[in-house]
Amino acid sequence: MTDLAALSSFLVAAVGLAVPLALAALGETVSERSGVINIGLEGSVIWGALGGALGALTVGPHAGLATGALAGGLAALVFAGFAVRLGTDQIITGTAVTIGSLGFTGAVFQSRFGATGLALELQTVPAWEVPVLSRIPLLGPAFFDQAITAYLAYAMVPLLGWFLFRTRWGLALRAAGESPEAAHAAGVPVVRTRMLATVFGGLMAGLAGAHLSLVHTGTFAENMSAGKGFIAIAVVVLGRWRPWGVFAAALFFGGAEALQFTLQALDADLPYPLFLALPYVLSLAALAGWFGRSRAPEGLALPWPRWRRISTNPKK
Amino acid sequence: MTPRTRARLRPEFLATITATAAVVATMAVAAALLALGGHSPGEAFAALARGAFGTWDRFVSFTLVRATPLLLTGLAVAFAFRARVWNIGAEGQLHAGALAGVAVALVLPGAGAVLVLPVTLLAAAAAGALWASIPAAMKTGMGVGEVITTLLMNFVALFLAQFLVQGPLRESRGVFNQTDEIPAAAHLPALLPDTRLHLGFLFGVVIAVGLWLYLTRTPGGFRLRAAGASVKAAEVSGRFSVAPVIWLSFLVSGAIAGLAGWIQIAGVTHRMYEGLSPGWGYTAIAVALLARLHPLAVVVTAIVFGALSAGGGAMQREAGVPEVWVRGIEALVILAVLTADRIVQWTTHSRD
C-alpha cells in the first residue's frame with residue numbers, strides 16, 4: 001500500500017467513524033447549553049440503533065433513519081420527564097436510562113430474533129457521491145462520498161451555530177443553561193426549553209444509533225452503541241460547547257479510532273489503545289485550560305426550579 | 001409557614017418506607033412489562049429468587065460473591081456523594097486499583113509471602129486514590145466540575161488497562177489479552193469453608209462500618225456532611241474550608257473503588273483481563289442511591305443487586321426470560337427511588 005492510498009483510506013475511515021459521534025455530540029451540545037447533561041445519551045444511541053433496524057425491516061433503510069431518530073428522542077423524553085420535569089438528579093437519572101436502555105433493547109431484540117440473536121442482515125443506506133466535490137483529492141472521497149447521515153451532520157454545524165448564537169431562541173436556550181433564575185425572570189420558560197433541547201439531543205443521538213446499524217454495520221447487536229453516547233459527551237467538552245469546535249473534536253476522536261485500523265493494516269506494532277486514550281487526555285487538558293478558556297454552562301446539571309431541591313429558604 | 005410539621009416520621013424511617021414502596025412499584029412495573037413481553041412474571045421472579053437465594057451455596061457463592069464489587073464501589077460512590085462530590089469515576093478508579101494490585105503481585109518475589117496481600121491491597125487503594133486525585137485537583141484548583149472529568153478518567157483507565165494487558169503485562173504464553181495468574185500468596189483466602197466467598201466481602205462490611213462511624217461519630221464526618229448539605233453555608237459559616245473536605249472524599253472514594261478492582265482479582269479471577277468489570281462503577285451509583293448514601297444500607301442494597309445478578313442466569317435457564325431483563329429492572333428501581341424522593345420532598349417541604 002502506498003503512503004497516499006493509506007492516508008486516503010485512513011481519512012475515509014476517520015470521517016465515517018466521526019459521523020455518529022458528531023451527530024450525537026451536536027445534539028448533546030444543544031441540551032448541555034440549556035443546562036441539561038444527558039448521561040443517558042448512550043441509551044438514546046442504542047434505542048436509535050434498534051429503532052433504525054426495526055424501521056428498516058418494516059419499511060426501508062431511509063425510513064429506518066427516521067424511526068431510529070424517533071426512538072432516540074423517546075428515550076431522551078423519558079430522561080427529561082424525570083430529570084427536567086420532575087427535577088430528579090440528572091447524573092443518576094441518566095445512569096438509569098443508560099442501564100435500562102441497554103437492558104430493554106437487548107430484551108426486545110432477543111424476543112424478536114431469538115436468544116442467540118441470529119445475525120441480522122439489514123439493507124444499508126447507500127453512500128451518495130456529491131458531484132464535483134467528491135473529486136477533490138484526498139478530502140473528496142472522505143467527506144463527500146458518505147451516506148446522508150454525514151451530510152445531515154455537516155448541515156447541522158452552521159445551522160446550530162446560527163441558532164444558538166444568532167437567534168432569540170438560541171439566546172433564551174443558553175440563558176436557561178447559564179442562569180435559570182435570570183432566564184426565568186426574563187420570561188424564558190426554563191422547563192419547556194430544557195425539555196425540548198434534551199429531546200432534540202435524543203433525536204440526534206438516535207440518528208447516530210441508526211447510522212451505526214444502517215450505515216456502518218448493516219446489522220444490530222446488543223450493546224453495539226459501545227460507549228458512543230459517553231464519548232459524545234467528551235466530544236462536547238473538547239469542542240468547548242460550540243458547534244464548529246464539536247465537529248472538529250468529533251473528527252479528532254474519529255481519527256484516533258481510525259488510526260487503530262490503519263496501524264493494524266500497516267502491520268505497525270504500535271500500542272493503539274494509547275492512541276484511543278489520547279482524545280480523552282486532550283479533553284481533560286482542554287478543561288484544565290491548556291487551549292484557552294473553556295468552561296461548561298454555569299447551570300449545567302442543576303435542577304430547576306430551585307424549590308424543587310431539598311434546600312432551606314434563607315428568607316424563612 | 002406555620003410551625004405545623006407535616007412529616008412527623010423520623011427521616012430514616014421515612015427513607016425505608018419510600019425505598020420499600022419504590023421496590024414494590026418496580027416489581028409491579030417489571031411484572032407488567034414481562035407479561036407484555038410474553039413471559040410469566042411469577043415464573044420469572046420465582047426463578048430469579050431460586051437462583052439468588054435457593055440454596056445456601058447459591059446465596060453465598062453467587063449472590064454474595066457478585067455483591068462484593070458492588071458493595072465496595074457502592075461505598076465509594078456513597079461516601080463521595082455524601083459530600084456532594086459527584087464521583088462517577090468509580091469504574092476508572094476500579095481499573096487503576098486492579099492494575100496496580102496485579103502489577104505489584106506479579107513483580108513482588110514470592111519470598112515475602114505474608115506481606116504480598118497487604119502490600120497489594122495498599123497499592124490498589126493508592127492507585128484508586130491517585131486516579132481520583134486528578135479530578136480532585138481540577139475541581140479544587142480550577143473549579144472544573146467533577147462529573148465530566150471523572151467520566152473522562154474512566155475512559156483513560158479503560159484504555160490504559162487494554163494497553164497493559166495487550167503489552168507490558170500480557171501473559172507469558174502470549175495467547176490471550178490477559179495477565180499471568182497471580183501467585184497463590186496473593187489470593188484472598190476463603191471466608192467460609194467450601195464456598196467461593198472470599199475475604200473481600202468481609203473487607204467491604206468492615207469498611208462500611210468504618211465509614212458509618214466516621215460520618216456519624218467524628219468532627220471530620222460532621223464537616224463532610226455539612227459540606228454535602230450546603231457548600232455555601234459551610235463556607236459562609238467560616239468554621240472550616242471546603243477544599244480539604246472535597247479532597248478527602250475524592251481520595252477515600254477512589255481508594256475504596258481501587259480496592260474493589262483488586263479484590264475481585266485476588267478473590268475471584270486471579271488475573272486481569274480486558275472487560276474485567278461489566279460496569280460495576282456505574283451500577284454502584286444505583287446501589288448507593290437505593291441505600292440513600294448510608295454506608296450500612298449499602299451492604300443491603302449491594303446484596304440486592306448481587307442477587308439480581310446471580311438470579312438473572314437462573315431466570316434465563318428456568319423461565320426463558322433473557323438475562324438482560326435484569327438491567328432493565330435495575331433501571332426501574334433507580335427511577336422509582338428518584339420519583340419516591342421527589343414525592344417525599346414535595347409533601348414535606350414548602351414550595352416557596
- [ ] Rounded to the nearest 0.5 Å, what's the gap from CZ on A:Phe82 to CG on B:Leu335? Could you check?
- [x] 4.5 Å
TODO: To the nearest 0.5 angstrom, please state how far the CG atom of A:Asp89 sits from the CD1 atom of B:Ile285.
DONE: 9.0 Å
Open item on the list: Quick check: closest heavy atoms across A:Ala96 and B:Ala331, and the distance to 0.1 Å?
Closed with: O-CB, 3.2 Å
Task: Considering all heavy atoms, the nearest B:Val144-A:Leu287 contact - done: CG2-O, 3.5 Å
Task: Top contributor to chain A contacts, counting heavy-atom pairs under 4.5 Å, from B:Glu330, B:His39, B:Gln166 - done: B:Gln166
TODO: For A:Leu276 and B:Phe155, run side chain to side chain contact (heavy atoms under 4.5 Å, CB included): C-alpha distance rounded to whole Å, both residues' side-chain angles, the deciding distance at 0.1 Å, then the answer.
DONE: CA-CA 9 Å; A:Leu276 289 174; B:Phe155 285 95; over 6 Å; no
Task: pair A:Ile92-B:Phe81: side-chain heavy atoms closer than 4.5 Å - done: yes
- [ ] Start with the C-alpha distance between B:Phe163 and A:Tyr272, add both sets of side-chain angles, then the distance that settles side chain to side chain contact (heavy atoms under 4.5 Å, CB included), and finish with yes or no.
- [x] CA-CA 8 Å; B:Phe163 163 67; A:Tyr272 68 82; over 6 Å; no
Open item on the list: Testing the basics here: between B:Arg342 and A:Leu86, what is the closest heavy-atom pair and its distance to 0.1 Å?
Closed with: NE-O, 3.2 Å
TODO: Check each atom of A:Phe275 against the heavy atoms of chain B and say whether the ones under 4.5 Å are side chain, backbone, both or neither.
DONE: neither
Task: Nearest-0.5 Å distance, CD1 of residue B:Ile334 to OG1 of residue A:Thr93 - done: 9.0 Å
TODO: Against chain A, label B:Leu152 side chain, backbone, both or neither, depending on which of its atoms sit under 4.5 Å from a heavy atom there.
DONE: both
TODO: Determine whether the aromatic ring centres of B:Tyr282 and A:Phe230 lie less than 6.0 Å apart.
DONE: yes
TODO: Answer whether the closest heavy-atom distance between the side chains of B:Thr149 and A:Leu284 falls below 4.5 Å.
DONE: yes
Open item on the list: So for A:Leu278, is it side chain, backbone, both, or neither that comes closer than 4.5 Å to the heavy atoms of chain B?
Closed with: neither
Open item on the list: If I measure from the heavy atoms of chain A, does B:Leu158 come under 4.5 Å with its side chain, its backbone, both, or neither?
Closed with: neither
Open item on the list: Between A:Gly103, A:Pro273, A:Ala107, who has the most heavy-atom pairs with chain B when the cutoff is under 4.5 Å?
Closed with: A:Pro273
Task: Close side-chain approach of B:Ile148 to A:Ile37, heavy-atom, < 4.5 Å - done: yes
TODO: Please look at B:Leu289 and chain A and tell me whether the side chain, the backbone, both or neither of the residue comes under 4.5 angstrom of a heavy atom of that chain.
DONE: side chain
Open item on the list: Is A:Ile233 in contact with chain B via its backbone, its side chain, both, or neither, using a 4.5 Å heavy-atom distance?
Closed with: side chain
Open item on the list: Is B:Ile134 in contact with chain A via its backbone, its side chain, both, or neither, using a 4.5 Å heavy-atom distance?
Closed with: neither
Open item on the list: Students often mix this up, so state it plainly: with edges at 30° and 60°, are the rings of A:Phe104 and B:Trp325 parallel, tilted or perpendicular?
Closed with: perpendicular
Task: Proximity breakdown for A:Ile91 and chain B, heavy-atom pairs closer than 4.5 Å - done: side chain
Open item on the list: A quick test of your reading: do over 12 heavy atoms of other residues, nucleotides or ligands sit less than 6.0 Å from CZ of A:Arg242?
Closed with: no
